Amino acid sequence: MKILLVYPEYEDTFWNLKKVLTIIGKKSAYPPLGLLTVAAMIPKDWEKKLVDLNCEKLRDEHIRWADYVFISSIVGQKESAKKIINIVKKMGKPVVAGGSLFTIGWEEFSNVDTFVLGEAEDTFPVFLEDLKSGNLKHIYSSDKKYPDIKTSPIPDWDLIKLSNYNSMCIQFSRGCPFNCEFCDVVYLNGRNPRLKSREQLIGELDALYDKGWRSAIFFVDDNFIGNKSELKKDYLPAIIKWQKEKNYPFVLSTQVSINMADDLKLMNLMVDAGFATVFVGIETPDPDGLEECGKFQNKDRNLIDSIKKIQNIGIEVNAGFIIGFDSDKASIFQSQIEFIQKSGIVMAMVSLLNVSPKSRLYERLNKSGRMLHVNKNGTELSVLNFIPKMDTNELISGYGKVLATIYSPKCYYARIRTFLREYKPRKMNSPKLHFYHIKGFLASIWFLGLMQEGRQYYWNLILWSMFKRPGLIPYAFGMPLGLLHFKSLSWAQQYNSYYRES
């Protein structure tokens, strides 16, 4: 049997940083971890190839070679996934589709032959048996949700060229103990975090080390600290021991909830393990908005102080923000700008509220007749798929103002300076020098120091860092590169244009 695994192309979003990746000689931020894990479950005597459209083109000869084409996709790859499916079907090959895009909306893809929905550990072996016998069903899903991920194999890293990617990925757990109204993680992965074994985790670190990887690893967990007691007792000490024995070959990052700031022991262990960056869902500085969306872990705390605690311990904070809650008033736009600037969160992902069909928010808005059916699919920075309480034009205009402000050179460089004042990295979190760092350094000077507007803010930051934070000079040169990405997206103009046409 010949299996072609295809990973669709990402849309231009906050995450993919295409322009910056091109400058430093990388093709994509992250590898297709789900497909690589599924590939490891395919029988050893079958032939398999993987094509990641973020790194290479899908050619006709790829499709002709295959007996079956497997596609895995998230929501932010929907349009690319549709194109791939159409091409494969025109060439007469059967399509098998899985991943979160199809799990939450398989009904939209009428020309897919077989769906493998939900998590693969329970459903994929059953699918494989039917594939071997030639008796495939249309849909495979498990009545038993949330399988034991201790059965999950180490991803098949042999199928990709690691150097194409800026960071490798590991999944240590699935699920999140919180239940934010807008989030579909509870539907997809549950509220009780399921953990891999310590041996699995170390095995995955070993696998990437043995392949020669010596750079960043992103833990893709829904909430890495969802089970803090087990993490502190067993897993973080194991990572620390492994990193020390290997002389810290990996710089780690992950997603966490803000209550990380309440646990000094946890933060110290994470720093000792080599974690340098975390992504946190802040959503809004407005207490009414936090109450509305069920973000109770963010309530009744000084969010700025919590962020600074994490920065002070030696971990950079990236964060997500949402505009469009029912409780949002006209003042929310300036409040978001002021909060982001004060926090020193350089990578601030600000999005319009987008309603997932598998969230509690969808159920509430659908019952009240406020859901819309739009032609464009939204991701983090989404078109509105619901009727907001605020006037739509005011919401879109205000959203554009927030983006235009925080990603202006003046505000962007000011946030870097605010961050560098608070950031106190330890030695293991200091970036190790790679060739792409040199390319980034030269690109930083050329594009931002010489060619683009805002040069005065760039050189002011460099001079300030030299005298005030000389140990952080690499960050002063490297962090401004993100501005090339954010300016290139022109989000505000895209959404204003879309709503005028609608």
Side-chain angles (χ1 to χ4, degrees), residues 167-173 176-178 193 195-202 204-205 208-209 214-282 297-298 300-319 343-347 418-432 469 471-472 474-475 479:
S167 173
M168 290 295 106
C169 296
I170 287 177
Q171 186 178 58
F172 153 69
S173 69
C176 178
F178 302 110
L195 314 181
K196 291 179 177 177
S197 69
R198 182 179 61 182
E199 291 71 26
Q200 277 177 291
L201 177 58
I202 297 304
E204 295 205 27
L205 292 171
L208 286 168
Y209 185 86
R214 299 291 186 274
S215 191
I217 290 182
F218 178 49
F219 279 75
V220 301
D221 302 44
D222 304 307
N223 185 347
F224 184 75
I225 64 168
N227 188 329
K228 292 198 293 182
S229 60
E230 289 295 317
L231 194 62
K232 289 188 290 186
K233 181 179 73 175
D234 203 12
Y235 293 90
L236 284 173
I239 296 174
I240 293 168
K241 181 175 182 290
W242 188 92
Q243 287 265 58
K244 286 180 177 178
E245 289 174 351
K246 298 289 194 295
N247 195 28
Y248 282 88
F250 301 147
V251 177
L252 309 179
S253 61
T254 191
Q255 303 178 126
V256 300
S257 43
I258 193 66
N259 59 315
M260 171 182 167
D262 305 331
D263 194 325
L264 183 60
K265 179 180 179 181
L266 173 65
M267 290 195 293
N268 275 313
L269 284 170
M270 288 187 66
V271 172
D272 289 344
F275 281 90
T277 308
V278 294
F279 181 89
V280 180
I282 300 294
Q297 65 271 31
N298 287 26
D300 303 321
R301 69 165 66 237
N302 185 316
L303 287 166
I304 295 288
D305 283 353
S306 295
I307 291 163
K308 290 190 182 301
K309 284 181 183 178
I310 300 172
Q311 293 169 336
N312 291 163
I313 207 81
I315 298 178
E316 179 186 354
V317 177
N318 299 331
S343 70
I345 296 173
V346 180
M347 300 279 280
T418 299
F419 164 69
L420 293 179
R421 286 195 189 101
E422 300 292 335
Y423 186 50
K424 300 175 179 65
R426 299 183 196 172
K427 185 178 180 181
M428 71 278 293
N429 281 352
S430 300
K432 295 178 174 62
R469 302 290 279 156
L472 299 181
Y475 295 90
M479 296 186 85

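All of these numbers come straight from a predicted model, not from anything done at the bench.
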Using side-chain hydrogen bond (donor to acceptor under 3.5 Å, both in side chains) as the criterion, list what pairs up with K241, not counting sequence neighbours.
E245

Any non-hydrogen side-chain atom of [X] less than 4.5 Å from a side-chain atom of [Y]?
X	Y	answer
I239	F172	no
I313	M270	no
K196	Y235	no

Exam field: side chain [X] to backbone [Y], donor-acceptor pair closer than 3.5 Å:
X	Y	answer
Q311	S343	yes
S253	T277	no
N318	F279	no
D222	C176	no

For a side-chain contact (heavy atoms from CB on, under 4.5 Å) check, start with the C-alpha distance between F178 and N259, then their side-chain angles and the critical distance, and finish with the verdict.
CA-CA 11 Å; F178 302 110; N259 59 315; 4.1 Å; yes

M260 and its side-chain contact (heavy atoms from CB on, under 4.5 Å) partner, picked from V280, I315, V317:
I315

Which of these passes side-chain contact (heavy atoms from CB on, under 4.5 Å) with K232: L266, N227, N268, I225?
L266

So is R214 actually on top of Y209's ring, under 6.0 Å and inside 45° of the axis?
yes

Whether R426 and D272 form a salt bridge (side-chain N of Lys/Arg under 4.0 Å from carboxylate O of Asp/Glu) is what I want to check.
yes

Say you draw a straight line from [atom1] of [X] to [atom2] of [Y]; how long is it, rounded to the nearest 0.5 Å?
X	Y	atom1	atom2	answer
I307	I258	CD1	CD1	5.0 Å
I217	I170	CD1	CD1	4.5 Å
N312	M267	CG	CE	8.5 Å
F419	Y475	CZ	OH	7.0 Å
Q171	F224	CD	CZ	12.0 Å

Taking it one step at a time, do R421 and R469 satisfy side-chain contact (heavy atoms from CB on, under 4.5 Å)?
CA-CA 8 Å; R421 286 195 189 101; R469 302 290 279 156; 5.8 Å; no

Could you go through L231 and L195, starting from their C-alpha distance and side-chain angles, then the distance that decides it, and tell me whether this counts as side-chain contact (heavy atoms from CB on, under 4.5 Å)?
CA-CA 9 Å; L231 194 62; L195 314 181; over 6 Å; no

Could you go through the side-chain contact (heavy atoms from CB on, under 4.5 Å) check for L208 and F250 one step at a time?
CA-CA 10 Å; L208 286 168; F250 301 147; 4.1 Å; yes

Salt bridge (charged side-chain N to carboxylate O under 4.0 Å, His left out) partners for D262, two or more places apart:
R301

